[in-house]
Every structure is written in structure tokens, then in C-alpha cells.
There are 2 protein chains.
Amino acid sequence: MSERPIDRRRAETRREILAAAWELCHQEGLAGLSLRELARRVGMRAPSLYSYFASKDAIYDAMFAEGQIELGEHMSFLPDDDLTREDFRAGAQAFFEFCTSDPVRYQLLFQRTLPGFEPSPETYALATDRLERLETQLASAGVSHRRHLDLWTAILTGLTSQQISNDPGGDRWARLLDDVVDLFCDHAGVPPTEPSKNPRTTTRSRK
Amino acid sequence: MSERPIDRRRAETRREILAAAWELCHQEGLAGLSLRELARRVGMRAPSLYSYFASKDAIYDAMFAEGQIELGEHMSFLPDDDLTREDFRAGAQAFFEFCTSDPVRYQLLFQRTLPGFEPSPETYALATDRLERLETQLASAGVSHRRHLDLWTAILTGLTSQQISNDPGGDRWARLLDDVVDLFCDHAGVPPTEPSKNPRTTTRSRK
DNA sequence: GTCTATATCCAGATAGAC
DNA sequence: GTCTATCTGGATATAGAC
């Protein structure tokens, strides 16, 4: 289970390559990733990359996995049980911020735009695990219909993708977030937070 | 103003090339458009395409324009004045169907995923004209805040993109459409349609 | 005017020397 | 592990036949 020095070094080089790949994609677009240029940036020739990744798609796959893990960490502040309306608001804000802060990452994780690329089963499992956790969280707030889960994801990705496509760097859709969360919560039956109490320490009326 | 035969022929060949380009993109993905393969499919060699389009991006631009015009036609059944809640429902259904029926076209029109490609000003004007018409239509139903316009587009593109990305060919998000339209209309103050009257022939209570 | 042929450049990927 | 050399093939652009 412990890492040999050779594996540590190898993992470090992989990380270095991935960091350069992200930077390159930020500059040239997700599909603009070129192995020659990527290799140049880490002081290699293109064929040497194949010692670390089996193919260009394997690099995309590792980036996809990295993005999913980052998203999981970014959302990990949310409790698994007894979500309040405040948690919905904070969760929406966090997801929105995560996505809009890196449109290229958003494109890789949530849009299917790279011809021929599909995440590997192991990597895709990261995405489904995350969705299952969300399902659990919503259910803990009494939102247990798949319709409501689907509505929640549609609302969030809708605001997010509009913000990215039509007002990058701005807040035209960001400002709608709180209203939309309230709209959803009213619809899905998540009770309003009592303004006089602290939602994180109050006993909930729901059992 | 009238077309010379030579221009007619040229326009026809352009249309033929565009049709083949759409077919190729449907098969290989939007970014998978190859000029060699495109030329092969219309019985040409690649360089001959340059007699009809100045560049590959010019082909994308023409496809973008074509898509915008198709969308305009697809939505043209909607009146410009006095939209009812029924019109919102029908409009949402029509937009959703238009988008999900051709994910590649949706990607070209609404997502910014082709590195380096931007529609020309003339072509982009088709998109802004369409959005202005939508603005007018919403205003005619008393929905005149930009917040509501933005919410409407976010909701529609959210449901649409989720359907395309996560349940292509299915109806998982399509089934949410009517509920969401009602949610939006309640929020934006579009009055419910009286069930006993025909919304297209009834005198509206709103002036 | 439109075509074929060709030139240049760049892409992902592999073989094999070291 | 990293390199050079090379394969296949796409994108752009030009020359010149017809």
C-alpha cells in the first residue's frame, strides 16, 4: 500500500503534466489541447507523454476525474442530513461558483462536446457517486421525488450555462440564484428558514 | 435583385455542401467536421470547397445562420402580442423539441465549444434579433423585467441541456416542462388560462 | 471560375535506439 | 523513460490546367 519512491516521482510528473494540460486548455480551449505543446511545456517531447498517459483521451479522463474530485471537495461543506433552505442556497451558490470559475472544466464535466471522448467507467463512477450523495441530501430535506432532483440539476445547470455562455465574468444570472432556490424550495416543499433562529443548531420541525 | 443562373447554381451547391456538413457533424460530432471528408461526400476535393466558403469557420458560420433561421421558423407560430400561459407552454415545448431533436445544432447555437469559432456579426445579429422578439413577446404578457427574461432562458436551456447530456432520446426532463412553465408563470405573474375558454379566440382581460 | 495537384504545417500515435 | 524518426492524415493556401 505504501508508495515506492519511483511511484511517487511518477505520480508527481503526472500531476505536473495535468496542471500544464489545464493551463493549455484554459488558453486554447478544451479541444485545443495539443500533445506537442503540452510536452514542450513540461520539458519533454510528445512521445514521452505516452509513458504517463496511454493516449490523449486518457489525459482528458484524468482531468475529468480531477474535476469531479474537486467538485466533491468544493461541496463537502454541506451536511448529509436535515438540509435547510439555507443549505440549498449555499449549495447552489457553491455549485454555481465552482462551475463559472472555470468554464473549460465545466465543459469537460457537464457538456459532451469532445468528439469521441467518454470518461472511463471508473472515472464516471465519481460522477454517479456525487449524484447519489445529492440524492441522499435532498431526500433528507423531504425532497425524494426524482422529478425534484432532476428539476434541481436542470435549474442549476441552466443558470450556470447561461452565465458562462452569455455573460462570462459577470453576474447577470448569478443574481437570480437566491430567488430561484426559493422558487424551487417552495415548489418542492422545503420549509422556509425561520429568520429568528440559527438554522444549523435549531431542532427541525420535520422528523 | 434577380438571380443569374450562375448564382442559382452556386447557391445550390452551397446548400448541398451545408447539408453534407450537417450530416457529417451528426456522425462525427461538431468538431469532427473534416473538409476532406466533406468534399468527398459532395464529389469534390477539399480545396474546391474554398470556392464556396472562405474557410472552415465560414462553413460553421453558415451552419449557425441556418440554425438560427430554422429556430425562428420553428417558433414563428407564437403570436407577438398578448401571450397566454398556453403560449408559454407551447413555446417551451417547441423550443425544447427543436433543441433536443438535434444536439449538434444545439451545441453550435447555444454552447461555445468550438475553439476559435465566433459567428460573424451579420450571423450573430440573427440571434440577437430572435432574443429581441422574445423580449417583446414576454413584455406583451406583462413580463418585462430582464430578470424574468433571463430566468426564462435559463430554465429552458437547463432542462434542454440536461435532457441532451443525460438522457438523450428519452423524456426524463421533457416531462418536467409543463410544471416548470407553470412555476415560472406563477412567479412572473402570467395569469393562468381559464380552463373553460379558448385562449386563442378569447378576449384577454389584460389590455 | 472551378477544378486538380501540390506544398507546408501540424496533429496523434508507434517503433526502436539508447 | 526519453529520445529520434516516422507513419497517417487533416487544415490551409497556392499554382496552374481547362
Side-chain angles (χ1 to χ4, degrees), chain A residues 3-18 20-25 27-64 104 108 113-120, chain B residues 3-18 20-64 104 108 113-118 120:
Chain A
E3 283 186 352
R4 292 178 299 153
I6 187 81
D7 291 339
R8 273 184 57 90
R9 173 61 186 273
R10 189 182 155 78
E12 206 153 308
T13 305
R14 275 180 61 105
R15 272 191 291 274
E16 193 187 339
I17 292 169
L18 284 182
W22 281 114
E23 193 187 350
L24 183 50
C25 285
Q27 291 169 3
E28 305 295 332
L30 187 60
L33 180 62
S34 142
L35 295 192
R36 278 173 168 75
E37 175 63 17
L38 176 58
R40 194 192 63 75
R41 290 180 179 214
V42 294
M44 288 179 181
R45 303 304 189 120
S48 303
L49 293 174
Y50 287 84
S51 299
Y52 298 94
F53 296 95
S55 66
K56 188 180 179 179
D57 275 0
I59 296 177
Y60 282 132
D61 194 65
M63 293 168 75
F64 187 100
V104 165
L108 177 60
T113 57
L114 286 175
F117 170 69
E118 260 191 297
S120 63
Chain B
E3 283 185 353
R4 292 177 300 152
I6 187 81
D7 291 340
R8 272 184 58 88
R9 173 60 186 273
R10 191 180 154 77
E12 205 153 309
T13 305
R14 275 180 62 104
R15 271 192 290 276
E16 192 187 340
I17 291 170
L18 283 182
W22 280 114
E23 193 187 351
L24 183 51
C25 285
H26 289 147
Q27 291 169 2
E28 305 296 332
L30 186 59
L33 180 62
S34 142
L35 295 192
R36 277 175 166 73
E37 176 62 18
L38 176 57
R40 195 191 63 74
R41 291 180 179 214
V42 295
M44 287 178 182
R45 301 305 189 113
S48 303
L49 294 174
Y50 287 84
S51 300
Y52 298 94
F53 296 96
S55 67
K56 188 179 177 179
D57 275 0
I59 296 178
Y60 281 132
D61 194 65
M63 292 168 74
F64 187 100
V104 164
L108 177 61
T113 57
L114 285 175
F117 170 70
E118 260 190 295
S120 63

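All values reported here derive from a predicted model rather than from experimental measurement. Proteins get letters first, then strands, A, B, ... in listed order; numbering begins at 1 in each.
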Measure the distance from [atom1] on [X] to [atom2] on [N] and round it to the nearest whole Å.
X: A:Tyr50; N: D:dT6; atom1: OH; atom2: P; value: 18 Å
X: A:Glu12; N: D:dG1; atom1: CD; atom2: C1'; value: 16 Å
X: A:Arg40; N: C:dA11; atom1: CZ; atom2: P; value: 11 Å
X: B:Phe53; N: D:dA11; atom1: CZ; atom2: P; value: 15 Å
X: B:Phe117; N: D:dA11; atom1: CZ; atom2: C1'; value: 17 Å
X: B:Leu38; N: D:dG9; atom1: CG; atom2: C1'; value: 16 Å
X: B:Leu35; N: C:dC10; atom1: CG; atom2: C1'; value: 15 Å
X: B:Leu114; N: D:dA11; atom1: CG; atom2: C1'; value: 15 Å

Just checking [X]: base, sugar-phosphate only, or nothing, at a heavy-atom cut-off of under 4.0 Å?
X: A:Ile59; value: nothing
X: B:Ser55; value: nothing
X: A:Arg9; value: nothing

Polar atom pairs (N or O), protein with nucleotides 16-18 of chain C, under 3.5 Å:
none

Partner residues of [X] under the side chain to side chain donor-acceptor pair (under 3.5 Å) criterion, sequence neighbours left out:
X: A:Ser120; result: A:Asp61, A:Thr123
X: A:Glu16; result: none
X: A:Arg41; result: A:Gln27, A:Glu37

**OP:** Check B:Leu24 against B:Ser34 and note the closest heavy-atom contact, atom names and distance.
**Re:**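 Taking B:Leu24 first and B:Ser34 second, the nearest heavy atoms are CD2-O, 3.7 Å.
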Original post:
What are the two closest non-hydrogen atoms of B:Gly32 and A:Pro115, and how far apart are they?
Top reply: N-CG, 4.1 Å
**OP:** Examine distances only and state if a side-chain atom of B:Tyr60 and a backbone atom of B:Leu108 form a donor-acceptor pair shorter than 3.5 Å.
**Re:** no
Original post:
Pairs in or reaching into residues 45-59 of chain A: which pass side chain to side chain donor-acceptor pair (under 3.5 Å), with residues at least two apart or in two chains?
Top reply: none
Please list, pair by pair, any protein nitrogen or oxygen found under 3.5 Å from a nitrogen or oxygen in nucleotides 3-6 of chain C.
from, atom 1, to, atom 2, distance (Å)
C:dT4, OP2, B:Ser48, OG, 3.2

Original post:
Could you go step by step and tell me if A:Ile17 and A:Leu38 meet the side-chain contact (heavy atoms from CB on, under 4.5 Å) rule?
Top reply: CA-CA 7 Å; A:Ile17 292 169; A:Leu38 176 58; 4.0 Å; yes
**OP:** Answer whether the closest heavy-atom distance between the side chains of B:Val104 and B:Met63 falls below 4.5 Å.
**Re:**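 The answer is no; the side chains never approach within 4.5 Å.
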